[in-house]
Amino acid sequence: MSYKIVASQCTGCSACEPECPNVAITEKNGTFIIDPEKCTECIGYFDTPQCVAVCPVDDTCVIDNAVPRYQAA
Amino acid sequence: MEGLIEQPEAETAEATTAMDDIMQKMAEHKGCGTSGGSGKASCGSGAGETDLPPEIWEKVKNHPCYSEEAHHHYARMHVAVAPACNIQCNYCNRKYDCANESRPGVVSERLTPEQATKKVLAVASTIPQMTVLGIAGPGDALANPAKTFKTFEMIMETAPDIKLCLSTNGLALPDYVDEIAKYNVDHVTITINMVDPEVGAKIYPWIFWEHKRVTGVEASRILSERQLKGLEMLSERGILCKVNSVMIPGINDEHLVEVNKAVKSRGAFLHNIMPLISAPEHGTVFGLNGQRGPSAQELKALQDACEGEMNMMRHCRQCRADAVGLLGEDRSAEFTTEKIMEMDVQYDLSSRQAYQAKVEEERQATVSAKKEELESLAGEFTDIKILVAVATKGGGRINEHFGHAKEFQVYELSTEGAKFVGHRRVDLYCQGGYGEEDALETVIRAIQDCTAVFVSKIGGCPKNDLIKAGIDPVDQYALEFIEKSAIAYFKDYLAKVKSGEIEHSERADATIRQGAYIAA
Ligand code: SF4
Ligand code: SF4
Ligand code: SF4
């Protein structure tokens, strides 16, 4: 699985972008999106997903159930 | 001066015209709105040339945010290039701007560093009084270091005369002090609302620190430690540091006296206590849980309590972050990203300097006018103090129509003279003619602690209503210097009290206007 950003909640503040250890987050028309190919749920880097921890709006960076769980190598 | 475009007429050759003509012309032609006026050679603060160390006075005297006197003549602008933040404050809804420096409930236009630089140069070429660029909210300037410093770098290269400042919550500050010094940033504002983490826990739900979200008392302990450390580091390097505090009744109001001591001992040169702005529609934690902001008297009492300790700043308008112009006005509509990108900007340093030299002359004139009048008060002693509200659009004069005033400057008059103690926003009560009853009531509520209101002009209806509310509408000093007139009025007032013609009494408290300052 990967994290995703709920577009309707995102303020576009960009706080998450530089925190992602995998550079999975990019801006698209004022809102931010997570590339599920790149997101590792921060596994291998940090105990908590960085985007979740820094995001000012609760429940904006959430698990994307549509993507299979990330497998640490 | 070749290649000079977009020069306001005021700074070209016929700049020999009387200065107030120029100010007036600027005001009319360029839409320069309200800025306060006063001849006080004092800093925001009430501290003047004499109270501050010379090297600090040199740095603040043209800074419209720090010098109460300079902000009547010079302008600042903010650009919003740093939207991210690394903490959460209960008075902030991050859908909007940072409540540090701007009002909650307002969204500023976010710019890239390149757009921001172009905007700054465009504004500086059009408004020669623009001498300060700040990076404030939305967000924290130092939570976006790359964008913030890129902007500074580009401006430093093209417009070295513009002073740079930034505001921060302080969490990341110790890490960037060297960089701040490198870009010649000489003014930093730190928002410090507490020095006791127990108090902080009621203000900050969390911080993002070392890759974790830290909550509770621990969050505030770290934040406070970082803020004070950052302040000390700035002081060591001789970088001016102002502290902002948001006064939250029942949470940190009494505690701010403590904060005042802590920041003063670490070298902050100015402490600005601002009222909490919280309305439910802003969607902030405080807005939603009914936390109230302070009344005008509560705010003034706290500012007075801290004044003995250090310089207090009373003219902060909590303007919106991307406002452009003299304090109290906003010309940002002239400088939207779209318009800027089309502009052909030529930065002309020498004409800016010529204009600023004129402003200096005008400032000197207001200072001497005040001195003379003050001397005539010598020998009078009484405990009587009154507040007066003044409508002005700049240049240190009473030159605004009552119905056009977006805010009033409030002065405290005593035998010591006229002291600027704050401003009251009323926004526009009149959009063309008189009439709107409740709007007038709003104005009256905002200045009901004042004995008189000085205006250049006022219509009959509002005049009667003011008199009914016990506020004396005064238009006899139209276009004159504020402080000189205020002292003259006070002399009359004292004489009338003595002769028994009027009775002096304490006045009721006034309300602080909630909501964003958006000049129309
Ligand atoms: S969970 Fe971690 S890896 Fe995934 S997007 Fe968020 S910060 Fe990046
Ligand atoms: S931190 Fe949250 S609100 Fe800010 S850009 Fe990322 S997802 Fe959007
Ligand atoms: S520091 Fe500013 S942007 Fe960050 S939460 Fe506080 S008020 Fe909002």
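Naming: A, B, ... by sequence-line order, numbering from 1 per chain.
For the side chain to side chain contact (heavy atoms under 4.5 Å, CB included) test, residues two or more places apart in sequence or in another chain that qualify with Asp58(A) are Arg213(B). For Arg292(B), the salt bridge (charged side-chain N to carboxylate O under 4.0 Å, His left out) partners at least two apart in sequence or on another chain are Glu298(B). Every residue two or more places apart in sequence or in another chain was checked for a salt bridge (charged side-chain N to carboxylate O under 4.0 Å, His left out) with Asp64(A), and none qualifies.
Counting only N and O atoms by type, the side chains of Asp140(B) and Thr168(B) include a donor and acceptor under 3.5 Å apart. With no hydrogens or angles considered, a side-chain donor-acceptor pair links Tyr91(B) and Asn193(B) at under 3.5 Å.
Using a 4.0 Å cut-off between charged nitrogen and carboxylate oxygen, Arg221(B) and Glu225(B) count as a salt-bridge pair.
Proximity to chain B (any heavy atom under 4.5 Å) is restricted, for Glu19(A), to the side chain, taken from C-beta onward.
Contact residues of residues 141-151 of chain B toward chain A are Asn144(B), Lys147(B) (heavy-atom distance under 4.5 Å).
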